[in-house]
There are 2 protein chains.
Amino acid sequence: MRTDTKTALLVSAERAARARGFDGFSYADLAADVGIRKASIHHHFPSKAALAVALMARYHAELETACAGIDATHETGGARLTALIDLYRRALDEGRRLCLCVSFSTSRDSLPTEVVGQLQQFRQMMLGWIADVFARGQQDGTIAGVKDPELEAAATLPLLEGAHLAARAQEDASLFDAAVRMLAQRVQGATGGAEASGQA
Amino acid sequence: MRTDTKTALLVSAERAARARGFDGFSYADLAADVGIRKASIHHHFPSKAALAVALMARYHAELETACAGIDATHETGGARLTALIDLYRRALDEGRRLCLCVSFSTSRDSLPTEVVGQLQQFRQMMLGWIADVFARGQQDGTIAGVKDPELEAAATLPLLEGAHLAARAQEDASLFDAAVRMLAQRVQGATGGAEASGQA
DNA sequence: GTCTATATGTGGATAGAC
DNA sequence: GTCTATCCACATATAGAC
């Protein structure tokens, strides 16, 4: 049961959008990547706007699943925060790719209004989950200096996204590590960010 | 002595790039905005790549001047940090515009390699200046909890940029305020972020 | 320095055969 | 479900008159 064409198109489009923005890839690119003709793409996604909606829906579901996975495998707030930072660090792909939310935010004017709504829903989902992580870290004492979990979330999501951006600007993942190091160090028992950057 | 055509083109192009990305505006847009024909633009900027270089050079110089202006009018580290946050808040234009650095970072693959170098130089300039602000705030006691000014700078620039992005995603400037509130509150004597958001 | 006219490529999208 | 062929709009860029 190999991946069907529709899924292959979504995978290819997401990679392209995260590397070059929504305006930065074309049906011709997808066609070459997946191995069909560009006219055939319209059978699966009648317009590029429809493709954008499908991409965002898939991304939302995937991140929601990933966060649920972190909850299932990490007990403390601190461990969950570290896992979140790791998740974004891996999505960075060594500075070649942004997360889809950042990519779509910048090219918002090229997107159908439906995607703008999806973007808002995605952010609210993430903000809620991150606030829960900080609340738990506050209660169990595994994240230092938490006063207001909501405010922490409002700062943390932009920080992670800004760190992606900084790393991508120069295709240098160490800029991501530097940007999030102070946040990572707030996790009690953290060894000082060494595990994230590979430094001794 | 009114602004010459070349400057008018730069102003128009910067506004467009910050609102819609480098791929999101065309010579036709600029021509309509400035009031000449699109072919005439090539007299001032032979290619769009050349325009990108000129835009980035101008932006770098302007931000450098703005930071020097903050230094001249604000004595303490805390006051300078507050002024920096205000600078980015004003550049946001109520959620309609990003800073040019963010805009160019996302569309990096569409830009000439020279601009990628300029982007790096810009970031280093800003990181150095911000690190100085934190070092001063550490010495004069006007910014709370500063341990490593370089690390603070590495986190602060991405945070400001990520806050821009979050606000632009939903054209809602209050998301910027929420993202930077914890940072703003570290300034000693700050009233708790009320002055930034207008809340009581 | 600005214009008209045009070249050349590429974008997303459609029609209709297979 | 995929193809060929084609459409139309728009992109950057150039040539040459004024």
Side-chain angles (χ1 to χ4, degrees), chain A residues 1-56 100 103-104 106-116, chain B residues 1-56 100 103-104 106-116:
Chain A
M1 176 177 170
R2 351 185 302 285
T3 58
D4 58 317
T5 304
K6 188 162 190 165
T7 305
L9 284 168
L10 283 170
V11 170
S12 176
E14 186 186 315
R15 284 175 55 90
R18 286 174 46 195
R20 303 189 296 276
F22 186 68
D23 300 320
F25 73 94
S26 69
Y27 273 31
D29 297 329
L30 299 186
D33 193 28
V34 170
I36 59 174
R37 297 296 179 160
K38 63 175 184 169
S40 309
I41 300 176
H42 289 274
H43 173 75
H44 302 282
F45 304 100
S47 68
K48 206 181 176 187
L51 174 60
V53 172
L55 280 176
M56 199 59 216
L100 193 64
S103 181
F104 274 13
T106 55
S107 30
R108 198 198 57 194
D109 287 1
S110 312
L111 297 167
T113 54
E114 184 174 353
V115 174
V116 179
Chain B
M1 177 175 168
R2 353 186 302 285
T3 58
D4 57 318
T5 304
K6 188 163 190 166
T7 305
L9 284 168
L10 283 171
V11 169
S12 176
E14 187 186 315
R15 283 175 55 89
R18 286 175 44 196
R20 304 189 295 276
F22 186 68
D23 301 321
F25 73 94
S26 69
Y27 272 32
D29 297 329
L30 298 186
D33 193 29
V34 170
I36 59 175
R37 296 299 179 157
K38 60 178 181 170
S40 309
I41 301 175
H42 288 275
H43 173 75
H44 302 282
F45 303 101
S47 69
K48 205 179 176 187
L51 174 60
V53 172
L55 280 176
M56 199 58 216
L100 193 64
S103 181
F104 273 15
T106 55
S107 29
R108 199 196 57 193
D109 288 1
S110 313
L111 297 167
T113 54
E114 184 174 355
V115 174
V116 179

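Lettering follows sequence order; numbering is per chain, from 1. Atom set for the values below is all heavy atoms of this structure, side chains included, hydrogens, waters and symmetry mates excluded.
No side-chain heavy atom of M56(B) sits under 4.5 Å from any side-chain heavy atom of L111(B). A 4.5 Å side-chain heavy-atom check between L10(B) and L51(B) finds at least one atom pair inside the cut-off.
Note: NZ (K6(B)) to P (dT2(C)) measures 12 Å, nearest angstrom. One can place OH of Y27(B) at 5 Å from P of dA13(D), the figure rounded to the nearest angstrom. The distance between atom CG of L30(A) and atom C1' of dG1(D), rounded to the nearest whole Å, is 17 Å. In this structure, CG of D23(A) is placed 15 Å from P of dC10(D), rounded to the nearest angstrom. Here the C1' atom of nucleotide dG11(C) and the CG atom of L51(A) are 14 Å apart, to the nearest Å. Between the NZ atom of K38(A) and the P atom of dG12(C) there is a distance of 7 Å, given to the nearest Å. dT12(D) atom C1' lies 11 Å from atom CZ of F22(B), rounded to whole Å. At whole-Å resolution of the value, CD1 in I36(B) and P in dT2(C) are 5 Å apart.
Nucleic acid contact for F45(B): none, since no nucleic acid atom lies under 4.0 Å from a heavy atom of the residue.
Distance from the side chain of H42(B) is smallest for dT14(D) among the nucleotides dA11(D), dT14(D), dA13(C). Residue A28(A) places its side chain closer to dG11(C) than to any other of dG11(C), dC3(D), dT12(D). When distances are taken from the side chain of S47(A) to each of dA13(D), dA13(C), dT2(D), the shortest belongs to dA13(C).
At dG11(C), one or more side-chain N or O atoms of S26(A) fall inside 4.0 Å of OP1 or OP2 (strictly under the cut-off). Contact annotation: H43(A) side-chain N/O to dG1(D) OP1/OP2 distance is under 4.0 Å. Residue T5(B) places at least one side-chain N or O under 4.0 Å from the OP1 or OP2 atom of dT2(C). A sub-4.0 Å separation between OP1 or OP2 of dT2(C) and a side-chain N or O of H44(B) is present.
Place A39(B) and S40(A) on DNA chain D by their nearest nucleotides, and S40(A) ends up nearer the 5' end.
Counting only distance, with no hydrogens or angles, the side chain of K38(B) and the backbone of S26(B) share no donor-acceptor pair below 3.5 Å.
The aromatic rings of Y27(B) and H42(B) sit tilted relative to each other, their planes meeting at an angle between 30° and 60°.
Taken from CG in D4(A) to NE2 in H44(A), the straight-line distance is 8.0 Å, to the nearest 0.5 Å.
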